[in-house]
Amino acid sequence: MADSAQAQKLVYLVTGGCGFLGEHVVRMLLQQEPRLRELRIFDLHLGPWLEELKTGPVQVTAIQGDVTQAHEVAAAVAGAHVVIHTAGLVDVFGRASPETIHEVNVQGTQNVIEACVQAGTQFLVYTSSMEVVGPNIKGHPFYRGNEDTPYEAIHRHPYPCSKALAERLVLEANGRKVRGGLPLVTCALRPTGIYGEGHQIMRDFYHQGLRLGGRLFRAVPASVEHGRVYVGNVAWMHVLVARELEQRAALMGGQVYFCYDKSPYKSYEDFNMEFLGPCGLRLVGTRPLLPYWLLVFLAALNALLQWLLRPLLLYAPLLNPYTLAVANTTFTVSTNKAQRHFGYEPLFSWEDSRTRTIRWVQAMEGSVQ
Ligand SMILES: NC(=O)C1=CN([C@@H]2O[C@H](COP(=O)(O)OP(=O)(O)OC[C@H]3O[C@@H](n4cnc5c(N)ncnc54)[C@H](O)[C@@H]3O)[C@@H](O)[C@H]2O)C=CC1
Ligand SMILES: CC(C)CCC[C@@H](C)[C@H]1CC[C@H]2[C@@H]3[C@H](O)CC4=CC(=O)CC[C@]4(C)[C@H]3CC[C@]12C
């Protein structure tokens with residue numbers, strides 16, 4: 001085996017490295033990529049936890065920057081061997097305007113691609129989303145589908161529209177000549193709903209449950225399956241793809257991979273109860289408490305209120321027509337493409353993923369434990 005000075009030669013850049021997934025990717029790279037010499041973390045908002053990483057053997061460079069600013073992206077990419085582009089505006093609640101979502105998710109991705117081409121960076125891994133496929137606006141189920149399952153992917157909401165456009169840009173850029181003449185090798189990972197330590201929506205549900213006296217009320221039928229994947233496994237898949245892209249460029253370049261693991265198929269709420277249950281919350285009802293038509297009405301009312309109140313304040317509740325449709329439509333994946341193409345196996349078992357997530361919820365302030 002090469003000595004460590006020889007082995008440590010690669011420069012990685014993680015955009016969005018301070019987000020929920022980004023932080024796990026950063027920590028995973030430091031643990032699992034022995035060839036790393038420098039790790040650049042590019043984000044609009046840098047986290048204080050980055051400081052603790054700077055004492056290790058790998059040079060950790062924190063870069064406060066905006067992916068919509070091409071010159072900032074170009075400066076961060078210069079000299080990097082691999083870019084993992086996870087930065088994105090994840091907004092399905094109407095907090096940001098459709099223009100801003102497009103600017104960050106699509107133009108930001110275009111800036112990353114151009115920066116790779118200009119800098120001669122050959123490997124680009126993009127965090128896409130299951131939302132690029134569905135659920136579609138017709139509410140068609142996608143049941144244990146894989147990357148080749150036919151599905152009518154039609155979107156109206158700005159978030160899935162932006163992720164679909166950005167993914168296409170990344171895949172179409174595969175094979176472009178970068179500075180120096182070598183081909184750009186790209187691929188896109190499509191996580192289903194990610195959960196685990198740091199998951200904001202899980203935090204919101206937990207606090208809502210505490211406010212409601214330890215109860216949550218079922219809104220979605222237990223029969224609707226929603227795909228979920230543990231954040232540690234999503235991070236691991238990114239690290240593995242980034243590592244294998246060079247050796248398997250012909251096979252993996254321009255490909256998409258769903259991110260999957262052994263998390264069970266359940267409804268969104270029943271799945272959350274795997275963690276919130278052991279933390280003292282109870283899901284009330286074996287069926288939704290409110291009839292579906294009433295939820296549709298309330299979701300539409302929320303959308304109207306959001307629009308009416310916009311000049312005065314930001315009203316962005318969890319329930320809106322889009323989130324209701326996503327939560328109410330079966331969307332689960334069953335595939336082994338990542339295993340076949342680059343030997344992916346989940347690093348964390350379902351039991352580990354569950355235990356880690358429960359410990360994180362229990363450690364939250366205001367816990368009932
Ligand atoms: N959370 C989920 O369930 C899923 C997320 N994804 C994708 O994974 C990626 C990461 O998502 P999360 O970690 O959940 O979101 P997050 O919001 O926690 O992380 C996104 C990060 O990007 C940064 N960012 C946003 N705008 C930026 C800009 N203009 N310039 C630089 N940095 C910027 C944010 O500051 C944040 O740190 C996103 O691309 C998202 O579309 C895909 C599937 C599921
Ligand atoms: C009260 C409602 C009936 C239920 C609210 C739950 C919703 C807030 C969430 C149900 C499904 C979630 C989405 C899904 O996991 C897929 C996603 C992929 C992404 O790329 C980003 C996040 C999300 C859109 C996720 C967002 C929250 C839900 C809509």
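The analysis underlying the following values was restricted to heavy atoms, covering all of them including side chains, and did not include hydrogens, waters or symmetry mates. Since we're looking at a predicted model, the values are computed, not measured. Counting starts at 1 for both ligands and their atoms, in listed order.
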(request) Evaluate the criterion salt bridge (Lys or Arg N to Asp or Glu O under 4.0 Å) for residue pair Glu38 and Lys9; output intermediate values, then yes/no. (result) CA-CA 8 Å; Glu38 182 187 350; Lys9 56 182 183 181; over 6 Å; no
(message) Which of the numbered atoms in ligand 1 are under 4.0 angstrom from any heavy atom belonging to Cys18?
(response) 37 (O)
(request) Would you mind listing which atoms of ligand 1 come within a distance below 4.0 Å of any non-hydrogen atom of Asp66? (result) 28 (C), 29 (N), 30 (N)
(message) Please determine whether salt bridge (Lys or Arg N to Asp or Glu O under 4.0 Å) holds for the pair Asp270 and Arg218, giving the CA-CA distance in whole Å, both sets of side-chain angles, and the decisive distance to 0.1 Å.
(response) CA-CA 9 Å; Asp270 287 296; Arg218 187 185 290 280; 2.9 Å; yes
(message) Suppose we measure from atom 7 (C) of ligand 2 to each protein heavy atom; which comes out shortest, and what is that distance?
(response) Thr323 CB, 4.1 Å
(request) Specify whether the nearest protein heavy atom to atom 19 (C) of ligand 2 is under 4.0 angstrom away. (result) yes
(message) Using ring centroids (six-membered ring only for Trp), state whether His199 and Phe20 fall under 6.0 Å.
(response) yes
(message) Under a 4.0 angstrom heavy-atom cut-off, which atoms of ligand 2 come close to Gly193?
(response) 15 (O)
(request) Could you find the nearest protein heavy atom to atom 1 (C) of ligand 2 and give me its residue, atom name and distance? (result) Leu319 CD1, 4.2 Å
(request) Could you list which atoms of ligand 1 come closer than 4.0 Å to a heavy atom of Gly65? (result) 30 (N), 31 (C)
(message) If the cut-off is 4.0 Å to any non-hydrogen atom of Ser129, which atoms of ligand 2 fall inside it?
(response) 18 (C), 19 (C), 20 (O)
(message) Between Asn111 (side chain only) and Val73 (backbone N and O only), is there a donor and an acceptor less than 3.5 Å apart?
(response) no
(request) Check each atom of ligand 1 against the heavy atoms of Thr127 and keep those under 4.0 Å away; list them by number with element. (result) 7 (C), 8 (O), 9 (C), 39 (O)
(request) Specify the protein heavy atom at minimum distance from atom 5 (C) of ligand 2: its residue, its atom name, and the distance to 0.1 Å. (result) Phe205 CZ, 4.1 Å
(message) Can you report which non-hydrogen protein atom sits closest to atom 13 (C) of ligand 2, along with the distance?
(response) Val326 CG1, 4.0 Å
(message) So does His226 get a backbone contact from the side chain of Thr332, meaning a donor-acceptor N/O pair under 3.5 Å?
(response) no
(message) In this structure, does ligand 1 have an atom that sits under 4.0 Å from one of the heavy atoms of Gly108?
(response) no
(message) Does this structure show an ion pair linking Glu51 with Lys54, if we count only N-O contacts that are shorter than 4.0 Å?
(response) yes
(message) Can you report which non-hydrogen protein atom sits closest to atom 6 (C) of ligand 2, along with the distance?
(response) Tyr268 CE2, 3.7 Å
(message) Taking 4.0 Å as the limit for heavy-atom contacts, which would you say applies to Ile201 with ligand 2: side chain only, backbone only, both, or neither?
(response) side chain
(request) State the atoms of ligand 1, each with its element, that fall below the 4.0 Å cut-off from a heavy-atom position in Val90. (result) 11 (O), 15 (O), 38 (C), 40 (C), 41 (O)
(message) Before we go on, tell me: are the rings of Tyr344 and Tyr260 under 6.0 Å apart, centre to centre?
(response) yes
(message) Judged on heavy-atom distance to atom 24 (C) of ligand 2, which of Leu216, Val229, Val92 sits nearest?
(response) Val92
(message) Considering non-hydrogen atoms of the protein only, which is the closest contact for atom 16 (C) of ligand 2, and what is the distance?
(response) Glu131 OE2, 3.5 Å
(request) May I ask whether atom 28 (C) of ligand 2 is less than 4.0 Å from at least one protein heavy atom? (result) no
(message) Need the ligand 1 atom indices (1-based, order shown) with element for anything under 4.0 Å from a heavy-atom of Thr86.
(response) 9 (C), 10 (C), 38 (C), 39 (O)
(message) Can you name the atoms of ligand 1, numbered from 1 with element, that are less than 4.0 Å from a heavy atom of Leu44?
(response) 26 (N), 27 (C), 28 (C), 29 (N), 31 (C), 32 (N), 33 (C)
(request) Return the residue, atom name and 0.1 Å-rounded distance of the protein heavy atom closest to atom 4 (C) of ligand 2. (result) Ala327 CB, 4.0 Å
(request) Would you tell me which option among Phe42, Tyr159, Phe20 has the nearest heavy-atom contact to atom 16 (P) of ligand 1? (result) Phe20
(message) Show me which atoms of ligand 2 lie under 4.0 Å from any heavy atom of Val90.
(response) 21 (C)
(request) Check whether the ring centres of Phe271 and Tyr265 lie less than 6.0 Å apart, and answer yes or no. (result) no
(message) A side-chain contact here means heavy atoms from C-beta on lying under 4.5 Å apart; do Arg27 and Gln32 qualify?
(response) no
(request) Give the residue, atom name and distance (to 0.1 Å) of the protein heavy atom nearest atom 3 (O) of ligand 1. (result) Ile194 N, 3.0 Å
(request) Indicate yes or no: at least one non-hydrogen side-chain atom of Tyr126 is less than 4.5 angstrom from one of Cys187. (result) no
(request) Nearest heavy atom to atom 25 (C) of ligand 1 wins, so pick from Ala87, Gly16, Gly88. (result) Gly88
(message) Less than 4.0 Å from atom 10 (C) of ligand 2, is there any heavy atom belonging to the protein?
(response) yes
(request) Please confirm whether Ser128 comes under 4.0 Å of ligand 1, counting heavy atoms of the residue only. (result) yes
(request) Flag the pair Phe123 / His81 as yes when their ring centroid distance falls below 6.0 Å, and as no otherwise. (result) no
(request) With heavy atoms only and a cut-off of under 4.0 Å, state how Thr192 meets ligand 1: side chain, backbone, both or neither. (result) backbone
(request) Mark the output for His226 as yes if a heavy-atom distance to ligand 2 is under 4.0 Å, and as no if none is. (result) yes
(request) Under 4.0 Å from a heavy atom of Val104: give me the atoms of ligand 1 that qualify, with their elements. (result) 26 (N), 29 (N)
(message) Ring centres under 6.0 Å, that's the criterion: do Tyr143 and Phe331 meet it?
(response) no
(request) Return yes when Tyr159 approaches ligand 2 closer than 4.0 angstrom through a heavy atom, no otherwise. (result) yes
(request) Look at Glu225 together with Arg144 and state whether they make a salt bridge at an N to O cut-off of under 4.0 Å. (result) yes
(request) For ligand 1, note which part of His199 has a heavy atom under 4.0 Å away: side chain, backbone, both or neither. (result) neither
